[in-house]
Amino acid sequence: MLKRISILFLLLVVALQTSVSYAQQKEVKGKLFIIGGGSRPSAMIDRIILESGIDKEGYGVILPMSSSEPDTAAYYAKKQFLIKGITNVHALQFVKDEKLSSDKIDSLKNASMIYISGGDQNRFMEVVANTDIEKAIHEAYKNGSLIAGTSAGAAVMSKMMITGNELKNAEYSSTFRNLQSENIEIKTGLGMIDNVIIDQHFVKRSRYNRLLSAVIEHPEKTGIGIDESTAILITGNKIEIVGEYQVIVFKNPKKSKNMYQDKLGAHGITLDIYLPGETFTIK
């Protein structure tokens, strides 16, 4: 009798855990619009407006903290919406260690669209990480906001964030010279999406080496390389390609990793090339 009760108790615990996990997945009502950098085609801005609904109600917020010239970044980002007749998009600038007012945080939390500019993803995270700013972005997303970002604003979307720096080559290069172990610098991003690693300017700057390095050394993650003037729209576990060029997806399903000195090798890595209008799903 006791054995039967124990089994029933375990089944109840598992059912509750499954229910909680499903409820947590259903909690997020927002969408992610992740742009690979470069120019933003007119149709792409139209799609951001459509998905966020800022042409009907609410407002948009531009976060320009990635840029070394935030006022300029905010001006050009806002201009794209003004051309479309959208006047309810405003810049909201934060600086590191500032005393955050509740009004400023509420403005971010209640925005229908949050747009993160390009620049340097490290600069953005230095301001935002572990602050009420980060919490407000997540709360906005949870409650139905569209969170968009371009270039550096794309890199910060994943929890595991590529910084762009090589640990074994001090001189900066837009792509990695080799497939080397322990060469890719990873820091913590916003974590709007947890199970992928985002890379940007991907085809234009031939960033295959660094994303391949990432999925070999972190095989539990899916590598998504987004080209310029191209974006992915994430709704739940569905990803749609928007824009003009390709999105490259690497997976390492066998968790393969081979070494020769410090050179990386692997077998069974998959590569998919998606075109605008195509969709795929992630776990």
Side-chain angles (χ1 to χ4, degrees), residues 17 20-35 48 51-54 57-67 70 73-74 77-78 88-163 186-198 200 221 224 231-237 239 282-283:
Q17 288 176 337
V20 169
S21 176
Y22 180 73
Q24 288 172 340
Q25 290 174 2
K26 296 294 283 184
E27 278 181 2
V28 175
K29 299 176 183 177
K31 300 176 182 180
L32 302 177
F33 199 92
I34 307 176
I35 308 165
I48 292 174
E51 297 295 338
S52 64
I54 56 172
E57 60 182 359
Y59 59 90
V61 166
I62 297 164
L63 297 180
M65 293 91 77
S66 299
S67 176
K78 185 177 178 179
N88 53 338
V89 176
H90 311 284
L92 198 57
Q93 165 75 344
F94 294 92
V95 297
K96 187 176 181 181
D97 298 327
E98 78 170 88
K99 187 176 180 180
L100 299 168
S101 69
S102 57
D103 287 347
K104 203 170 179 182
I105 290 297
D106 285 345
S107 293
L108 183 59
K109 191 186 302 181
N110 296 319
S112 301
M113 180 203 74
I114 297 172
Y115 181 94
I116 304 170
S117 74
D120 184 336
Q121 52 265 45
N122 297 303
R123 186 184 293 118
F124 183 87
M125 291 309 301
E126 282 174 5
V127 175
V128 169
N130 303 312
T131 69
D132 286 342
I133 308 165
E134 185 175 37
K135 291 176 184 176
I137 295 169
H138 278 270
E139 189 164 341
Y141 177 49
K142 178 182 173 182
N143 291 334
S145 298
L146 179 76
I147 313 299
T150 185
S151 191
V156 302
M157 293 289 186
S158 51
K159 186 173 183 179
M160 189 173 283
M161 180 183 79
I162 292 177
T163 69
I186 298 287
K187 291 187 178 179
T188 302
L190 282 175
M192 308 309 300
I193 183 168
D194 185 35
N195 54 347
V196 307
I197 300 175
I198 300 290
Q200 4 77 26
K221 306 294 184 184
I224 301 181
I232 56 173
L233 172 63
I234 303 179
T235 308
N237 67 342
I239 297 181
I282 54 172
K283 293 182 181 179

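Each residue takes its place number in the sequence, starting with 1.
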Is the backbone of [Y] close enough, under 3.5 Å, to the side chain of [X] for a donor and an acceptor to pair up by distance?
| X | Y | value |
| --- | --- | --- |
| Tyr141 | Leu32 | no |
| Asn88 | Gly58 | yes |
| Lys221 | Asp194 | yes |
| Asn195 | Lys283 | yes |

Identify the two heavy atoms, one from [X] and one from [Y], that lie closest to each other, and give their separation to 0.1 Å.
| X | Y | result |
| --- | --- | --- |
| Ile48 | Met113 | CG2-SD, 3.5 Å |
| Asn122 | Met161 | OD1-CE, 3.9 Å |
| Gln121 | Thr163 | NE2-O, 3.4 Å |
| Val127 | Ile133 | O-CD1, 4.0 Å |
| Leu108 | Ala140 | O-CB, 4.0 Å |
| Gln93 | Pro70 | NE2-CG, 3.5 Å |

Roughly how far, to the nearest 0.5 Å, is [atom2] of [Y] from [atom1] of [X]?
| X | Y | atom1 | atom2 | result |
| --- | --- | --- | --- | --- |
| Lys31 | Ser52 | NZ | OG | 9.5 Å |
| Ile137 | Lys142 | CD1 | NZ | 15.5 Å |
| Leu146 | Ile54 | CG | CD1 | 8.5 Å |
| Ile234 | Ile282 | CD1 | CD1 | 5.0 Å |
| Ile116 | Ser67 | CD1 | OG | 13.5 Å |
| Ile224 | Ile232 | CD1 | CD1 | 4.5 Å |

### Task
Scan residues 112-126 for pairs that pass salt bridge (Lys or Arg N to Asp or Glu O under 4.0 Å), counting only residues two or more places apart or in two chains.
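Sorted pair list comes back empty.
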
### Task
Not counting sequence neighbours, which residues clear salt bridge (Lys or Arg N to Asp or Glu O under 4.0 Å) with Asp103? List them please.
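In terms of salt bridge (Lys or Arg N to Asp or Glu O under 4.0 Å), with neighbours along the sequence ignored, Asp103 is linked to no residue.
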
#### Entry: Minimum side-chain heavy-atom gap Leu190-Met125 below 4.5 Å
yes

Distance-only check: which donor-acceptor pairs under 3.5 Å involve side-chain atoms of residues 150-160, not counting sequence neighbours?
from: Thr150; atom 1: OG1; to: Gly37; atom 2: N; distance (Å): 3.4
from: Ser151; atom 1: OG; to: His201; atom 2: NE2; distance (Å): 2.7
from: Ser158; atom 1: OG; to: Met160; atom 2: O; distance (Å): 3.0

### Candidate pair Asp132 and Lys109, rule side-chain contact (heavy atoms from CB on, under 4.5 Å), full reasoning
CA-CA 10 Å; Asp132 286 342; Lys109 191 186 302 181; over 6 Å; no

#### Entry: Residue pair Leu92, Ile114: steps toward the side-chain contact (heavy atoms from CB on, under 4.5 Å) verdict
CA-CA 10 Å; Leu92 198 57; Ile114 297 172; over 6 Å; no

